[in-house]
Every structure is written in structure tokens, then in C-alpha cells.
Amino acid sequence: MIWHITKRELYDNLISLRFALATFLLFGLMLTNAVVYLREHPERMQKYHDDVTEAQNELSTRTHLYDIAVHGPGSLYKKPSVLQFCAEGGDVFLSDRVFGGFLHWQDGNLTGFWSTLYHYPNPDSKNIRPDTIKVDWGFVIGYVLSLIAILFTFDSISGDREHGTLRLTLANAIPRHTVLIGKFLGALVSISVPFTLAVLANLLIISTSSAVQLSTDAWSRLAIIFCIAILYLCLFLALGLLVSSLVQRNAASLVILLLTWVVFVVFMPSTLAPITSGFSKPMGHYEYTQRRSKLHEQLKSEYEARVQNMDAFPSKKMELAGEFVMNDVAQRINLGQEYVSQQHAQIQLMRSVTRISPVAIVQHLFESFAGSGFERHRHFVENVQRYAREYREFVMDMDRSDPDSPHIIGVREGMSQKPVNPESIPIFEDRLSLSHDFNAAAIDLFLLVLFLVVLLSGAYLAFVRIDV
Amino acid sequence: MLKTLIRRELLDNLMTFRFAAAVFIMLLLVVANTAVLIKDHERRLESYNTALKNYHENTQERKTYTSMPLDVARPPNPLSIFNVGLDKRLGNEIWIFHGLVPTLWDARMHGITNPLLKLFASIDIVFIFEVVLSLMALIFAYDALAGERERGTLRLVLTHPVSRGQILLAKYISAMICLLVPLLISLILAVILLTTSTSISLSAGDFFRIGGIILSSVAYLSVFYLVGMLISAATRRTGTALMLAMFVWGFWVLVYPNVILATIASPDTSQASAESAKNQIQQIWEELDRERKKFLANDAVPGGSPRFGIRIESGFNYYEYPIIDSSVLKHTLVSGANILKLHSESEPMVPHAQNYYRYLGPQIIDAAERTWLIRKPALETIFVQPARLDRILLRFSPVGIYDAATQAWAGTDLSGLKDFFTAARKHRRVMIDFYYDKKAFGSRQWFAADKGAVEWESLPQFSFQRSSTQTNAARALPDLLLLLMMNIFLFMFIFLIFIRSEV
């Protein structure tokens, strides 16, 4: 019986104007997405490869251990995700690298060791073009598909009631939930058919291009993203059915649905985020640099006081110098980590509050499976920090393995003088794994399902108890 | 007769659920967001004041002409609450230096707490209007004619001696009155909230500008209402009218602005012009460098170094290095020192340094002016022209026109922000005149403060006034006229369709 109702709904929908318009809109958007992606992605990859090769070439020119420790691996680059067409995730605003560098001190022959500096370039401040939302899957699904879902369901029950056909249907021996499920499935199929076709067209263009290779891992991620999109679609269909069965008239149903949509999808994320941002006050960049130089000055004056009458004991002096350099770099690293983690904590809080809006949930999910956006950036920064530790340990190990070295790290004369094989230097490799993403996405996925269950049962209850 | 019709329509509209919902949602969104925006504005104002205080403190420490950079800051625009435009995005702090003509692309940003906050889109009052008002207008309009036709009431009305034009006019006027209610109430509430904030002060000119924003909003609202009415007049059934109206809304408001900007790529010609401009600028500075080296070589002090072997007891060292950012064609040479106490043996070297700076200062100014002549048109082709093209393309949707008009009123559009950089350039000229006045380039204070510090008090203060209301009005006028033209055309079109349609 469900099938009959579904089929009826489907036929009704397929010949309707909204079906034609929705198909047109979805195809247009998905094709735009593919074309833009194919134009931009190869450039992005090229830039990443150029940057990485340059950094590695520079790294391999050094053979002296002290130079290796001071200059370090330079800046470290984030690998762009091949699935960036699914969710762009504000990658324009997130830095594509973590800057690293060393400090020349004006006095004496000491130099600060390499460390990550966490200064974000601000490419946006030179951009005078009007700002827009990137047309990625997240936009197409989050905004457009949800709007289409509402436009397909707002009259599914109230319309039948207005025409009197609902009474007619229920006069047959059909249980109400069958009608509801039938209508739900009908709408679901009639939207997901053009949507799936549009997605396939998009993927066809992208995968046939020679510039982009999608691995099996990427395909499985795409499959997950597609399933999430369908889940999200169901959510809005359920919302539509709920309102439609609660309200007597079509017009009222549409107004309620559109306003709910506008509030939850368009305004909720951008209104809640700034309110939440006020709850935490991370260290600003100015404060960070001030504190950094203050700590350095403090260490330096301590060191100078201790080294003052040490001219007679060169080895002791060297030891103090080494200690100074190492303390300085440790301090800088700690401060940098504090600075970055405060920033990340603020964003994390804002993101968790915006989860009230389903569109934010879906965007987070897409980002985590597409390997872009904030979570990915945080992961990248963690990778960098881990690598920086490895790198320092490598320097220590190399020095320790040389029996001739005085083992005073931080001073040129105190470190191993043996040339280092450039190939043995650890190389930064940025990668993402599916299991990590699953963990990050679990809460979002759970919330999405919860919303769906609540709305579906709400629709069921509302429909069972109404007068026809 | 018209009055009766209007009254009927008005009562019909005012009693509806959609009217109540429209008022409620508008108030909710506008009040909540205005509160957030005011908080944000206060924060920006605070950061501006801190910056000013820092500059003032720097002035106290600035002993020589070249000891410390001289910065000026751009105050946040209070009308950015209505339409933020570029006000928050572009740099708000710029370095005034005789060797660099400041442009928008040399500005920096002070007061950034968390650069990642940009991940969250910020909204302003005009954005709320863009989305909600247009939706409201279409919801009010879609059944204006199709609904009456469906119910048969249109035929009934037309049996009376009323012209069709009158019916249209009545419907238009009454619906606009209904739609103006939420618009005006929410705007008045926003302005009241603004005036309660102690740190934000609005001048009479600002109220005039807000009036301009309201005017543009009404014109925008009317365009969408008329589009809805056109659809309603052209279709037989309300269902069809509704679907068409919703998809038109989705296309114009949601899809078109984002898609059109994504699809157009930046032209390759800008790459070539950037390259040639970069080379020309480089030549200017290389030439300067050659001349500079020649001057040093001809000097009696051996070594050819601008330090002239001067030894310093306190203060910081000499510096001389180029600043280059080829992505924005920035190229200059900074050079100077901050000597608080000289080593007594170095005294005979001082005239050499004075001679050198007397020679170098005007040279650098000249190179900067020549760089600016090349840089200005190059930046125009690389950055401004693509942005201008974008804005023209956006105007194919009423949303784009409305956005441009309100930005122009608020002074947060590109020309409004350029005013600040024009003022900064003017201040640079003032500073150069001050230098010449004080004969700064050949003076000892240029690099050393041991025989008296520079009197910075006589340098006029930098002040930036936003452009006058007339300028704002003139900048907004083309877009406003465009909106009004659209209104007139749409109304004529509806009239023609309605006159010839069967009831």
C-alpha cells in the first residue's frame, strides 16, 4: 500500500513545475561546482608541490648539524584535499602553512633556534572583491537542497486536506502512518533522483578530467558524504511534513516553513557565533608578540648577568649560552602552543554552539569527510607540532651519536661537527586518515540523526492526531 | 474608489498570519543582530582608541626623524552596522613614510584577536533585509492576482466601475504599507539601540545616510513585490505562481550572486601588466641604489658604508634595507638610525652622514613618486578592475544593486574606504613639507638625538573625516535610480499583462 501512495506522489511531483525547476537548479549548481573546481584545484596542487619541493631542497642543502637546528625545515605546508569541491570550509581564511623561522639576535654570535611562529597572513585584507559563499556541495546541499525539500513538502498534507483528497484516501482502509510514510518516500525519491543525477554528472566531469585523480579512499568518502546529504534531505522533508500536518492551510504552512528555514539555515549560525565569541578572550597577536619579546628579554638579561665574569672559563660560558638558547626555544614553543590552542578553543566553542542549526552540522560533517575546514586545520597544526618535536629529537640524537661532540646544544662549537646526511633528516608529511575523521564527526552525525528522529516522530504524532 | 479598494486590501493583509509572522521574525532578527553588531563595533572602537594611544606613546619615544615608524589609523564606521561592506575587512592602520605613497594594499590590521574568527560569516542589518524582506514581498505578492482570479473575486470586483489600473495600484499601495511596517519598526528599534550605546555617536549626517538606506530598502522591497505581482499576473494558478516566485527568490538571492562570482576567472592580462610594472619599479630603485653607491664612493670616508664608521654608545644601530612585496608592487628603501649618544671619536664623521641623508632623502621621495605613477594604474588593473567587474555582474540581481546602494550610503564601499587612503596620502605630503620646512634631511636629528630631539608637535595631526553626505548620496544615486527604474518598468509590464488578460 505504501508503494501505491509513493507512486502517486511521485507521478504528481514528476510532472510539476517545481520538479523541473529543482532539477534545473541542482544541475546548474553542480556543473558550476565541477567546472570551478577543475579550474582551481590543479593550481592549488601545483602551488603546494612547488612550495614543498622548495622547502625540501633548502633543507637538503645543509649538512652542518648546527645549521640544521637553527634554520630548521622552514615553513610547513598543508596539503590541499582532493575533495575540496565538497566542502571548501573557509580554507581561504585558514592559513595554508605554519610559518617557521629562527631569530637573529643582535648581540654576540648566538642565534635562536628554529620554531613555529604561528603568524597568520591575512590575504583577505587585500581583497576588495565582494565576498560570497563558495559554491561547493555544502552550499548546494545545505542551502539549496533544504529549500527544495521544503518546497516539495509544505503542501503534501495541508494541500490534500484543502482539496479534500486526504479524506478520500483515508476513507479506504489505509492506516495513517502508511499515508505519511508513502508521502515521505514519494517526496524523498522525487528529490533524490535529480539530486543523484546532478551529483553523478558533477563526479563524472571531475573524475574524467586528467588533472584530478580520485582514489578509492576519496570515493568512499564521497559515498559517506552522499549518505549524509540524503539524511539531511530527510530531515527537512520530515520538518515539512510536520508543519504541513499541523497547519490547516497551505499558505500558512509555507510561511512557517520558510521562516523556520531562514532562521535556522541563514541566520542562526552567523548570529550565534559572534555571541559565543564573547565568552572567551584568546590572546591577540599583539599580546603574543609582546609576551614573546618580554620573555626573551628576561632570559637574556639573566643570561648576561650570569655570563658576565665568565671570560676565564670558556667551556662554562658555552654551556650557559647553550642553556640560554634551549630555554629560549622551549619558551617560544610553549607560548606559541598556548596562543594557538586559545584561538582554537574559541573557535571550537563557537562551532559547537552553532550546531543548533542543522546546516552547520552538515557543513561540519562535510568538512571532516572532505578533509578541509577548521578541524582539518587543527589536525594539521597538531601534525606540525608533532613533527617539530621529532625534528628536535633528531638533532639531539645526531649530536648524541657523535662521540667527539661536547654535547652543548645551542652553540655552534658545542655541537657535533660531523656532516649530516641530508637524506636522514625527517621530512614533514601532512596526511589525513578516515578513522580520525569518523571520531570528529561522531557527535555531528549523532545530532543529525537525533534531529531527524525527533522531527519524524513529531510528524507522525501530528498526523495521527489531526482531524481531517 | 481607490480608497475603498486600498482599505479592503489593507485589512485583508493586516489580519493575515503571514503579516504577524513577518513582523515577528524581522523584529527578532534585527534586534538580536543589532545587539551583536553594536558589541562588535564597540570592540573595534576600543581597539582604535588603543591604537591611537599607542601612536601617541610612540611620539614621545620618537627622538630622531627615523627612529620609529609613524602610523595612522582608520576609525570604524558606525554605519557599518547597517552594511559592513569592506569596512571590517580592509586594513585599518597605515604607515606614513616619505618613501612610500600609501595605498589600500599597504595597510595593516590592528586589534585582531583571533584571525580564525573569519570562518564565521558576519551579517549586518542590510543582509537581513536582503533575505527576509524579499521573501516577505514575494509571499505577499504571489496570490495578489492569481488568488483573486482563482477564487473568482476578481471578476466580482471588475463588475464595479473600477479600472484595472486602479485595482493594481490599490493592491500595490496596500501591500507596500503592510511591508513597510516590519521594515520601519525594526529599523527604528535598531536606531534606538544604536543611540543607547554610549560609545557610538551618530551625527545629523548619519541620520540622513540612514534615511538613504531606508529609501533604498523601500525601493528594493518594491522591486520584489512587483516581481511577485508580475508572476501572479502571468500565471493562472496560485500554486504555480508560488513555485515560480520561490525559485526566482532562490535564484536571485541565494544562487546567482555566488555562482556568477565563482565562474568568472580573473583575466590573465593583469598578470602581464603586473610583471611589467614590477620590472619598471625595480628599475627605479636599482637606479637609486646605483646613484646612492656612487655618492658613497665619492665621499671622503673610505668603505662606502652609510654607517661612516660611527660608533654608538646608546640607542640602536643604523639600518638600511629595502621593503619589497611584489604581490602588491610595494617597493621602498628605509634608512636611518636612533642614536642617543655618540662615541666622542665619531664626531668628525657626523657631517658625512648628514651629507648623505641630505642627498638620499629627496632621492627617495622622488623614487617613491615615480613608483606611485607606475603603481597606481597597475594596481587599478590588477585589483580594482576585477572587483568592479564583479560588482557590475552582481547588479543583474536586485540584491546586488541594493547592496551597492546601501554600501554607498553607509560609506563602506570601495570609494568610501579609498577616501581614507587619499587622506593618508595627503598626510604624507604634509609630513614631507614638514621635513623640508625643518630642513630635516640634512639635519643631525635625522639619525641622532644627542644634540636635541625632534619637535614633533609642529607636525599637523592626522585627521580623517568621512565623506560628506552629498558625496555619499552622489555615489548611491546610480544604484538607487536603477532600482527605481526597475520598479517603473515592472509596474508598466504588470499593467500591460493585467489589462490584456482574461479574468
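Letters go in sequence order (proteins before strands), and every chain restarts at 1.
- Residue Lys39(B) places its NZ atom among 12 or fewer non-hydrogen atoms of other residues, nucleotides or ligands, all under 6.0 Å distant.
- Ranked by heavy-atom pairs under 4.5 Å with chain A, the list Val255(B), Leu119(B), Val384(B), Val36(B) is led by Leu119(B).
- Between the side chain of Asn258(B) and the backbone N or O of Thr132(A), no donor-acceptor pair lies under 3.5 Å.
- Looking at Leu135(B) and Trp261(A), their side chains never come closer than 4.5 Å, going by heavy atoms from C-beta outward.
- Of the two parts of Leu147(A), only the side chain, counted from C-beta on, holds a non-hydrogen atom closer than 4.5 Å to a non-hydrogen atom of chain B.
- Chosen from Leu242(B), Leu28(B), Leu104(B), Leu394(B), the residue pairing most often with chain A at heavy-atom distances under 4.5 Å is Leu242(B).
- The neighbour count for Phe396(B) CZ, taken as heavy atoms of other residues, nucleotides or ligands under 6.0 Å away, does not exceed 12.
- Per-residue counts of heavy-atom pairs under 4.5 Å with chain B were compared for Ala22(A), Ala360(A), Ser16(A); the largest is that of Ala22(A).
- Contact count versus chain A (heavy atoms, under 4.5 Å) is highest, among Arg18(B), Arg391(B), Met246(B), for Arg391(B).
- Note: Thr263(B) leads Thr238(B), Val328(B), Thr263(B), Asp143(B) in heavy-atom pairs under 4.5 Å with chain A.
- With a 4.5 Å cut-off on non-hydrogen atoms, Asn54(B) touches chain A through its side chain but not through its backbone.
- Only the side chain of Leu29(A) has a heavy atom closer than 4.5 Å to any heavy atom of chain B.
- In this structure the side chain of Leu259(A) reaches within 4.5 angstrom of the side chain of Met136(B), judged on heavy atoms.
- Of the atoms belonging to Leu90(B), heavy atoms from both backbone and side chain fall under 4.5 Å from chain A.
- Within a 6.0 Å radius of OH in Tyr55(B), other residues, nucleotides and ligands contribute more than 12 heavy atoms.
- Between chain B and the options Pro274(A), Ala252(A), Pro282(A), the largest number of non-hydrogen pairs under 4.5 Å is found for Ala252(A).
- Distance CG/Leu254(A) to CD1/Ile139(B): 5.5 Å, rounded to 0.5 Å.
- When all heavy atoms of Ser270(A) and Ala121(B) are compared, the closest pair comes out as CB-O, 3.1 Å.
- In this structure, the separation between OG on Ser277(A) and CZ on Arg43(B) is 8.0 Å, given to the nearest 0.5 Å.
- For chain B, the option among Val35(A), Ile347(A), Asp155(A) with the highest count of heavy-atom pairs below 4.5 Å is Ile347(A).
- Counting heavy atoms from C-beta outward, Pro115(B) and Gln343(A) have side chains that approach closer than 4.5 Å.
- The choice from Leu21(A), Thr32(A), Leu17(A), Val36(A) that makes the most heavy-atom pairs within less than 4.5 Å of chain B is Leu21(A).
- If you look at Phe247(B) and Phe24(A), their ring centroids are not closer than 6.0 Å.
- In terms of heavy-atom proximity, Met243(B) sits nearest to Phe154(A) at CE-CE2, 3.4 Å.
- Nearest approach of Arg89(B) to Arg129(A), heavy atoms of both residues: NH1-O, 3.0 Å.
- By the 4.5 Å heavy-atom criterion applied to side chains, Ile25(B) and Val262(A) are not counted as neighbours.
- The line from CG of Leu116(B) to OG of Ser95(A) is 9.5 Å long, rounded to the nearest 0.5 Å.
- In this structure, chain B has a heavy atom under 4.5 Å from the backbone of Met283(A), while its side chain stays farther away.
- Listed here is the closest heavy atom pair of Ala387(B) and Pro130(A): O-CD, 4.3 Å.
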Would Phe139(A) and Leu254(B) satisfy side-chain contact (heavy atoms from CB on, under 4.5 Å), going step by step from the backbone distance to the final call? CA-CA 10 Å; Phe139(A) 170 76; Leu254(B) 208 59; 4.2 Å; yes

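- Chain A forms the most heavy-atom pairs under 4.5 Å with one residue out of Tyr142(B), Phe251(B), Phe24(B), Trp249(B), and that residue is Trp249(B).
- Residues Phe120(B) and Arg351(A) approach most closely at CZ-CG, 3.8 Å, considering heavy atoms.
- Listed options Val140(A), Asn33(A), Asp131(A) were ranked by heavy-atom pairs under 4.5 angstrom with chain B; first place goes to Asp131(A).
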Set out, in order, the CA-CA distance, both residues' side-chain angles and the distance that settles side-chain contact (heavy atoms from CB on, under 4.5 Å) for Phe127(B) and Val266(A), then state yes or no. CA-CA 10 Å; Phe127(B) 178 71; Val266(A) 182; 3.8 Å; yes

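- A heavy-atom distance below 4.5 Å is not found between the side chains of Asn127(A) and Phe383(B).
- Other residues, nucleotides and ligands contribute over 12 non-hydrogen atoms within 6.0 Å of the CZ atom of Arg108(B).
- When side chains are defined from C-beta on, Val131(B) counts as touching Phe267(A), because their heavy atoms get closer than 4.5 Å.
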